[in-house]
Structures are given as C-alpha cells and as structure tokens.
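Whatever order the structure lists them in is the order used to number ligands and atoms, beginning at 1.
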Amino acid sequence: MLDQIAALRRQAEEDLAAATDRAALDTFRITYLARKGKIAELFDALRTVPADQKPLFGKHLNALRADIQTLFDQRSAGASDEHRPSPSLDLTLPGRRLFTGSKHPLTQVLDEIKAIFVSMGFGIADGPEIEDDYHNFGALNFAPDHPARDMQDTFFLSKQALLRTHTSPVQIRVMEQHPPPVRVIMPGKVYRNEAISSRSYCLFHQVEGLHVDVGVTFSDLKGTLISFIKQFYGSSLKYKFRPTFFPFTEPSADIYITCFVCGGKGCRLCKQGGWLEILGCGMVDPNVFRSVGYDSEKYTGYAFGMGIERIALLRYGIDDIRLFFENDLRFLNQF
Ligand code: PHE
C-alpha cells in the first residue's frame with residue numbers, strides 16, 4: 001500500500017507540472033482530487049487492510065491528499081493571474097511610451113479667459129458661424145457701403161449668407177433673445193478672406209464681451225477690462241487706452257499693453273513701438289440698441305472683442321499663426 005501511495009504521489013506531481021492551462025488543471029482535479037478520483041480510490045482501499053495497519057496507511061494517505069491539494073491550489077492561483085508575465089517577456093526592456101492627449105494651445109488660452117470673466121459674473125453664449133448680412137453688419141450699424149462688406153474681407157456663401165467676420169453678431173442675437181440686463185462673453189471662430197501668411201489666416205478665434213444694464217459707464221468698461229488684463233498678464237504690466245473707431249461702439253478704444261518681449265524699448269514684435277494692441281472695446285452705440293429693441297434712453301452698455309490667436313502667439317512666442325491649424329503633433333505636443 002505504501003508503494004501505491006508513493007507511486008500515486010509521483011504521478012500526480014508529474015501530471016500537475018504538465019498542466020499549464022485551466023482545462024488541464026480541471027482534468028487534474030477530477031482525476032486526483034474529486035470524490036471519485038484516484039486519491040479517494042485509495043481511501044476506499046483502506047477499508048480492506050488489516051486493522052493494525054490502518055493508522056499508518058491513513059496517515060500517509062492524508063498527507064498525500066493534503067500535499068496534492070496544496071500543490072494544486074498554488075498552481076491554480078498562478079494560472080488565474082492573467083497578467084502574469086509570460087516567459088518570453090523581457091522585463092529588462094525599457095517601457096513603451098504612452099501618448100496622452102493635451103489641450104490645444106488656443107483652447108488653453110480660451111479656458112483661462114473664460115475662467116476670469118466667469119469669476120467676474122459673466123455668462124457664456126454662442127451663435128452661428130454662418131451669419132446673414134443683417135446680424136454681421138446691418139444691426140451693428142455698419143453703413144451699407146462699409147468696406148468690410150467687400151469681397152476682399154468677407155466670405156459670402158450667397159447674397160445673404162456669409163461666414164461671420166467677427167463675434168459681434170452674437171451680441172445682436174443675445175440681445176434679440178434676452179431683455180436687459182445682459183452680461184456675457186461669446187467665444188467663437190471667425191473667418192476673413194485674407195491672404196494667408198505667418199501673421200494672418202482665413203480663420204481665427206475671438207472672444208466677444210457685452211454688458212448692458214441701467215447706468216453702465218465707461219468706468220465699468222475700464223474697471224472690468226483692466227482687472228482682466230491684470231489677472232491674465234500680471235499686475236505689474238502697463239496698459240493704455242487709445243481712441244479708435246468701430247461702427248457699433250461710441251466712444252471706442254483699443255487697449256495696448258507694454259510689449260513684454262522688450263519691456264517697451266522697441267523690438268521686432270511690437271514693430272519698435274513698445275506697445276502691443278490686445279483688445280478693441282467701446283460703449284454700445286445707441287443705434288445697435290435700437291436694432292434689437294432695447295430702450296437706448298434707459299440702457300447703456302459696453303462691448304469688447306479680442307483675438308485668441310494673437311494672445312496665444314504672444315504668450316508662447318510662436319511666430320507663425322498657421323501652426324495653430326496644421327495639427328502637427330510635433331507642435332501640439334509642446335503644450
Ligand atoms: N468686432 C471687433 C473686431 O472684430 C472687435 C470689437 C468688439 C470692438 C466689440 C469693439 C467692441 O475687430
């Protein structure tokens with residue numbers, strides 16, 4: 001009987017070593033460990049041995065069963081671990097690089113601008129990129145013969161439909177839909193039929209702003225935009241307002257900041273002037289209020305608009321606007 005036990009142990013160990021997958025391990029369990037398996041058969045045979053030998057054989061049989069069960073359990077645990085490295089995997093090799101996506105630099109700049117204005121109580125609105133002449137020009141107080149309507153600047157899709165040339169038509173759409181007060185920023189894509197170069201592209205992004213209420217003054221415009229500039233560019237930066245003209249605002253101004261490349265001494269970026277124009281703004285022209293049905297005697301407001309590409313070019317020291325639209329990973333990976 002002891003020989004039989006020893007033989008079974010040897011055979012079980014051999015079979016177990018050969019069982020590499022789940023199916024083989026199952027077969028092993030049924031053959032050896034199940035209720036009608038080979039070990040159970042030997043326990044049955046124990047009944048026929050003389051009573052005085054039973055304790056000795058019983059002890060060996062119990063040990064056999066326990067050992068084989070333990071070995072089987074160990075082997076099963078290994079087999080169930082699917083991530084166990086296979087012998088062919090060389091763990092000394094360097095890892096494979098994971099490519100993670102990142103936000104486009106324009107999106108990063110826009111996110112920052114949005115966060116600043118939202119913290120100052122502005123909402124966010126948007127409008128269609130395909131506009132009509134009325135929203136893009138007429139309602140914004142452009143004269144019928146204004147040069148911006150020229151084929152040179154505007155992509156016309158038909159006599160009436162065009163690709164918006166600025167985000168200002170969204171001002172009109174917001175005011176048409178909401179009675180005052182309004183306080184929103186309106187980011188989006190705009191299109192201009194310009195010769196493509198390192199400085200201009202047929203498509204770019206703007207953020208428009210509009211705040212209309214009773215008693216809104218030029219001081220509110222200044223306070224809000226100066227606060228924006230300080231948060232976005234840093235509080236030590238110098239800025240200046242310079243009068244300019246837009247059909248839809250009166251008075252109007254361009255805001256300039258000290259060139260942060262040369263600190264105002266004059267360089268290639270600021271074209272030797274020491275200042276960079278970053279934003280157009282002004283008090284909403286009463287004619288614009290009339291075209292959306294706002295009471296221009298009761299309400300006043302300010303509007304502003306800025307180009308995102310320009311801000312991103314300046315901030316990251318990028319010298320070609322086309323890089324933003326080429327989706328070249330060698331460029332985008334740097335952000
Ligand atoms: N729409 C103007 C532009 O495209 C910018 C602007 C917006 C100016 C709002 C004043 C007020 O240049």
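- Under 4.0 Å is where a charged nitrogen must lie from a carboxylate oxygen, and between Glu131 and Arg173 at least one such pair does.
- Using cut-offs of 30° and 60° on the angle between ring planes, the pair Tyr316 and Phe335 is perpendicular.
- Put simply, part of Arg192 is less than 4.0 Å from ligand 1, judged by heavy atoms.
- Between His166 and ligand 1, an N or O atom pair is found at a separation short of 3.5 Å.
- Contacts of Ser252 with ligand 1, taken as heavy-atom pairs under 4.0 Å, are absent altogether.
- Contacts of Phe248 with ligand 1, taken as heavy-atom pairs under 4.0 Å, involve the side chain alone.
- Nearest protein heavy-atom neighbour of atom 5 (C) of ligand 1: Gly305 CA, 4.1 Å.
- A pairwise comparison of heavy atoms in Arg65 and Leu33 identifies O-CD2, 4.4 Å as the closest pair.
- In summary, Asp111 and Lys103 engage in a salt bridge, as defined by a charged side-chain N under 4.0 Å from a carboxylate O.
- For atom 12 (O) of ligand 1, the closest non-hydrogen atom of the protein is Phe246 CE2, 4.0 Å.
- The ligand atoms of ligand 1 that sit less than 4.0 angstrom from a heavy atom of Gly280 are 8 (C), 10 (C).
- In summary, the atoms of ligand 1 found under 4.0 Å from a heavy atom of Ser168, numbered by their order in the structure, are 1 (N), 7 (C).
- Residue Tyr302 places every heavy atom at 4.0 Å or more from ligand 1.
- Per-residue contacts place Glu208 under 4.0 angstrom from the following atoms of ligand 1 (heavy atoms of the residue considered): 7 (C), 9 (C).
- Geometrically, Lys189 does not engage Phe204 in a cation-pi contact defined by less than 6.0 Å to the ring centre and at most 45° from the axis.
- Of all the atoms in ligand 1, the ones that sit under 4.0 Å from a non-hydrogen atom of Phe304 are 7 (C), 9 (C), 11 (C).
- The closest approach between any non-hydrogen atom of Gln206 and ligand 1 is below 4.0 Å.
- The aromatic rings of Tyr233 and Phe228 sit perpendicular, their planes meeting at an angle over 60°, well past the 30° parallel limit.
- With a 6.0 Å cutoff to the six-membered ring centre and a 45° limit on the axis angle, Arg315 counts as a cation-pi contact of Phe232.
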Verify side-chain contact (heavy atoms from CB on, under 4.5 Å) between Leu323 and Leu332, making sure each step is shown before the conclusion.
-> CA-CA 9 Å; Leu323 287 166; Leu332 295 176; over 6 Å; no
